Amino acid sequence: MTLIAQGENFKSLDLGGWEEISQYVTGPFQGKVFLKEAAELSGCEISVGAFAPFAASPFFHSHKQNEEVYIVLRGAGEMQVDGKRFPLKEGSVVRVSPAGMRSLRSGAEGMTFLCIQTKAESLKQWTGEDGVLSQEKWTE
Ligand code: ZN
């Protein structure tokens, strides 16, 4: 992970390509990198997963108060939530409530995905309600 730029209001990191992400090890997770501390996130945890072919999360789990959204960017696999198994592929989006007992695994081509974790019921405004438009232009 390389720091690209940072300022009072931002931090930019380079995780490398998908092949490099598959080499990250965080605790029991092979091929997963967590961004909360690295990018100093204050409202959510985001992890990027790059599972090798036929890899799996090391356990099933639920959460105490956080909802998760999984977004598959590349490859395919499957997920199981509360005993129900279903396929994942590029473009799949899955929201899981805190109590959902979940795990996921990749298929023959591996699977690259994002997992965004945020406190359930915490979002009070978004997009047009929260965005503030500006007349600022690109610097040359
Ligand atoms: Zn989780």
Side-chain angles (χ1 to χ4, degrees):
M1 187 180 311
T2 305
L3 177 65
I4 301 300
Q6 66 179 337
E8 181 182 351
N9 296 311
F10 75 99
K11 188 170 187 181
S12 172
L13 302 168
D14 177 14
L15 301 178
W18 300 133
E19 298 310 316
E20 292 172 66
I21 291 169
S22 69
Q23 302 307 310
Y24 280 89
V25 177
T26 305
F29 300 101
Q30 168 75 47
K32 211 163 179 214
V33 58
F34 292 84
L35 299 180
K36 184 188 178 305
E37 290 177 15
E40 301 174 37
L41 306 179
S42 68
C44 64
E45 168 69 290
I46 300 174
S47 60
V48 184
F51 282 8
F54 302 112
S57 294
F59 44 70
F60 277 80
H61 74 289
S62 61
H63 279 265
K64 295 174 185 168
Q65 61 178 12
N66 292 348
E67 158 184 289
E68 288 181 323
V69 178
Y70 294 83
I71 304 172
V72 178
L73 304 174
R74 193 178 76 157
E78 59 183 3
M79 187 163 197
Q80 182 171 307
V81 182
D82 296 337
K84 185 166 189 171
R85 197 157 52 91
F86 50 91
L88 298 174
K89 65 175 186 55
E90 193 174 304
S92 293
V93 175
V94 183
R95 178 200 53 80
V96 185
S97 296
M101 189 57 66
R102 73 207 72 173
S103 193
L104 70 167
R105 60 187 179 185
S106 59
E109 53 189 310
M111 186 171 66
T112 303
F113 61 95
L114 298 178
C115 179
I116 301 167
Q117 182 184 135
T118 188
K119 186 174 180 182
E121 308 296 335
S122 66
L123 190 62
K124 302 304 179 198
Q125 58 186 17
W126 57 91
T127 316
E129 296 173 332
D130 194 62
V132 181
L133 298 182
S134 164
Q135 298 302 311
E136 185 163 332
K137 304 293 183 205
W138 285 96
T139 57
E140 297 304 323

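Here the structure is a predicted model, which means the values were calculated and not measured.
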Notebook entry, point to check: With sequence neighbours excluded, what pairs up with F34 under the ring pair (Phe, Tyr, Trp, His ring centres under 6.0 Å) test?
Noted result: F29
Next item on the list: Could you tell me which non-hydrogen atom of S92 sits nearest to which non-hydrogen atom of P87, and how far apart they are?
Entry: OG-O, 4.4 Å
Next item on the list: Answer yes if L73 and I46 sit in the same cluster of Ile, Leu, Val, Met, Phe, Trp and Tyr residues linked by side chain heavy atoms under 4.5 Å apart, and no otherwise.
Entry: yes
Next item on the list: Would you please name every residue forming a ring pair (Phe, Tyr, Trp, His ring centres under 6.0 Å) with H63, sequence neighbours left out?
Entry: H61
Notebook entry, point to check: Same hydrophobic cluster for V94 and I71, using side-chain heavy-atom links shorter than 4.5 Å among ILVMFWY?
Noted result: no
Next item on the list: Locate the shortest heavy-atom distance separating T26 from V33; write the atom from each residue and the value.
Entry: OG1-CA, 4.3 Å
Next item on the list: Could you grab the distance from atom CD of E45 to atom CG of L35, nearest 0.5 Å is fine?
Entry: 6.5 Å
Check: Do L41 and V69 share a hydrophobic cluster (ILVMFWY, side-chain heavy atoms under 4.5 Å, transitive)?
Finding: yes
Next item on the list: Kindly give the heavy-atom pair with the smallest separation between G31 and F51, and that separation in Å.
Entry: O-CD1, 4.3 Å
Item checked: Residue pair G49 / K32: nearest heavy atoms and the distance that separates them -> CA-CG, 4.0 Å
Checklist line | Cationic N near anionic O, under 4.0 Å, E19 to R74 | finding: yes
Checklist line | Considering all heavy atoms, the nearest S103-S57 contact | finding: OG-CB, 3.4 Å
